[in-house]
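Read the numbers this way: they start at 1 and go in the same order the structure lists the ligands and their atoms. Sequence positions, counted from 1, serve as the residue numbers for this chain. It should be emphasised that the depicted structure is a prediction, and the values quoted were computed from it without experimental measurement.
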Amino acid sequence: MTVTSHRPTAGDQQSDFDATIAADGRIEPRDWMPDRYRATLIRQIAQHAHSEIIGMQPEGNWLTRAPSLERKSILLAKVQDEAGHGLYLYAAAETLGMSRDEMLDLLHSGGQKYSSIFNYPTLTWADNGAIGWLVDGAAIVNQVPLCRASYGPYARAMIRICKEESFHQRQGFSILLALARGTDEQKAMAQDAVNRWWWPSLMMFGPPDGESPNSADSMAWGIKRFSNDELRQRFVDMTVPQAEILGITLPDPELRWDEESGHYAFGALDWSEFKRVLRGDGPNNAERVRRRKAAHDDGAWVREAATAYAAKQAARMEQSA
Ligand code: BYC
């Protein structure tokens, strides 16, 4: 009997990958994948992970000033969840071959981005409500389709993250509802927060489809399932009725129900502001990165201790083997 060994050629690998994507299957870490698919995933997942941990800062800033013990413990749990989301996502990105240290260095040096939204300040308690309701609300709309992303570790991380985000969105709504039913001053505080967070929340979905260089590949590869503009529209449609329940006005004079399209029509976004924030010139970019680096440096001893402990455990295991 003759056995012929068949080593997969580059063409075989590409066609296996294409067939998996076409069948809506999952690509796993050990599977072959095109370099650009890998690079796109590292960029998006690292950016997503960085957003989770930088996103702890605006709300973390309010932990000591939450208005009751109950609000404080809820906010603490939420901020802690964001750290957990960062960990799942860094772990997912590491399966693609970039170490967590490398990703953090790139975050600190500006070589990788984090979401534009976290460069805005939290000026009052109501901002925590607006973040939960609008920012986490936008995150859910964006992330639910990512639970079906073609890269297995990313899709699986998103399932748990989405469950927690829906609690986050409700806690934000609950903060705003309490304020909206409160004194005139509290109502004004809630309205002011929504006025400031509305447009930046719409920008979270990324540039308009015509100016989104990564969308075509990401959609073809099954990483993104809907375009930036489609998800932005879905978010507006979902949020307007919730604003009505809150009795809060969304700060857009052009916002109206459009019978013909069956969607809410809304005004133009200020994309020059988005570009400015991405360039590093948003209200809080410098502070966010400075605090992140300081936390990283302050935590060096923990990483050193954990590494030394792991080495000791490994040596012990080797000895006893
Ligand atoms: N901010 O070609 P495009 C959370 C960049 S955290 C900054 O459309 P893509 C939470 C984009 O990276 C949840 N940069 O890109 C945490 C690209 O960069 P390059 C955060 C942005 O990837 C704590 C360029 O612009 N969610 O919920 O196809 C507390 C061109 O864009 C932004 C995620 O990270 C932005 N907003 O689509 C509370 C979701 N938008 O190529 C809450 C995961 C675009 O120039 N990410 N850019 O380096 C995604 O779904 C996609 O990456 C995006 C962009 C839809 C954001």
Side-chain angles (χ1 to χ4, degrees), residues 36 39-62 75 77-86 88-89 92-93 106-107 110-120 122 127-147 149 151 154-155 157-158 161-162 164-169 171-172 197 199-221 223-232 234-235 269 271 273-280 282 285 288:
R36 285 191 314 114
T40 294
L41 281 166
I42 292 177
R43 175 186 58 78
Q44 176 165 331
I45 303 174
Q47 178 170 325
H48 198 159
H50 298 328
S51 305
E52 299 285 357
I53 61 162
I54 293 274
M56 295 167 73
Q57 291 186 32
E59 290 165 293
N61 185 34
W62 277 88
L75 191 61
K78 181 198 190 274
V79 172
Q80 215 166 291
D81 283 351
E82 311 297 0
H85 298 175
Y88 315 149
L89 289 163
L106 286 166
L107 168 64
Q112 283 177 343
K113 298 182 174 79
Y114 57 89
S115 179
S116 50
I117 192 75
F118 300 114
N119 292 306
Y120 293 86
T122 34
D127 288 36
N128 297 280
I131 291 181
W133 178 45
L134 297 175
V135 176
D136 287 281
I140 294 170
V141 170
N142 167 269
Q143 288 172 181
V144 166
L146 291 174
C147 297
Y151 188 57
Y154 191 30
M158 291 320 303
I161 292 177
C162 284
E164 293 178 352
E165 297 291 17
S166 71
F167 151 67
H168 297 172
Q169 200 251 0
Q171 68 85 39
W197 287 91
W199 293 107
S201 299
L202 294 188
M203 290 175 194
M204 278 177 78
F205 293 93
D209 292 350
E211 293 166 36
S212 164
N214 300 296
S215 275
D217 279 342
S218 280
M219 304 268 279
W221 285 325
I223 299 172
K224 283 166 99 162
R225 301 282 173 168
F226 299 96
S227 77
N228 297 358
D229 286 332
E230 281 169 329
L231 292 177
R232 196 173 356 258
R234 190 176 288 186
F235 173 68
L269 277 72
W271 291 111
E273 175 180 319
F274 177 72
K275 286 179 188 150
R276 212 168 42 245
V277 172
L278 254 56
R279 272 202 314 269
N285 294 62
R288 298 286 185 245

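- For ligand 1, the polar-atom distance check finds an N/O of Asn142 within less than 3.5 Å of one of the ligand's N/O atoms.
- When each atom of ligand 1 is checked for a heavy atom of Tyr154 under 4.0 Å away, the hits are 43 (C).
- Distances between N or O atoms of Asp136 and those of ligand 1 include no value under 3.5 Å.
- Ligand 1 has no atom lying under 4.0 Å from any heavy atom of His168.
- Among Gly282, Gly206, Pro207, the residue whose heavy atom sits closest to atom 31 (O) of ligand 1 is Pro207.
- Each of the atoms 1 (N), 7 (C) of ligand 1 lies under 4.0 Å from some heavy atom of Tyr114.
- When only interatomic distances are considered, the shortest N/O to N/O separation between Pro213 and ligand 1 falls below 3.5 Å.
- In this structure, atom 17 (C) of ligand 1 has protein heavy atoms in its sub-4.0 angstrom surroundings.
- Taking 4.0 Å as the cut-off, Phe226 does not count as a neighbour of ligand 1 on heavy-atom distance.
- Of the protein's heavy atoms, Arg43 NH1, 3.0 Å lies nearest to atom 22 (O) of ligand 1.
- Among all protein heavy atoms, the one lying closest to atom 19 (P) of ligand 1 is Lys113 NZ, 3.3 Å.
- Where the criterion is an N or O separation shorter than 3.5 Å, residue side chain and backbone included, Ile131 fails it with respect to ligand 1.
- Ring geometry for Tyr154 against His48 counts as perpendicular: the plane angle is over 60°, on a 0 to 90° scale with 30° as the lower cut.
- The salt bridge (Lys or Arg N to Asp or Glu O under 4.0 Å) check on Arg225 picks up Asp24, with sequence neighbours excluded.
- Among all protein heavy atoms, the one lying closest to atom 25 (O) of ligand 1 is Leu278 CD2, 3.9 Å.
- Ranking the protein heavy atoms by distance from atom 49 (C) of ligand 1 puts Gln44 NE2, 3.5 Å first.
- Using cut-offs of 30° and 60° for the angle between ring planes, the Trp271 and Phe274 rings count as perpendicular.
- Residue-to-ligand polar distances place Ser116 within reach of ligand 1: an N/O pair is separated by less than 3.5 Å.
- A donor-acceptor pair shorter than 3.5 Å cannot be found between the side chains of Gln47 and His50.
- For Tyr114, the ring pair (Phe, Tyr, Trp, His ring centres under 6.0 Å) criterion is met by no residue, not counting sequence neighbours.
- Residue contacts with ligand 1 do not include Glu211, since none of its heavy atoms lies under 4.0 Å from the ligand.
- For the pair Asn228 and ligand 1, the shortest N or O to N or O distance falls below 3.5 Å.
- Closest to atom 29 (C) of ligand 1 among all protein heavy atoms lies Glu82 OE2, 3.3 Å.
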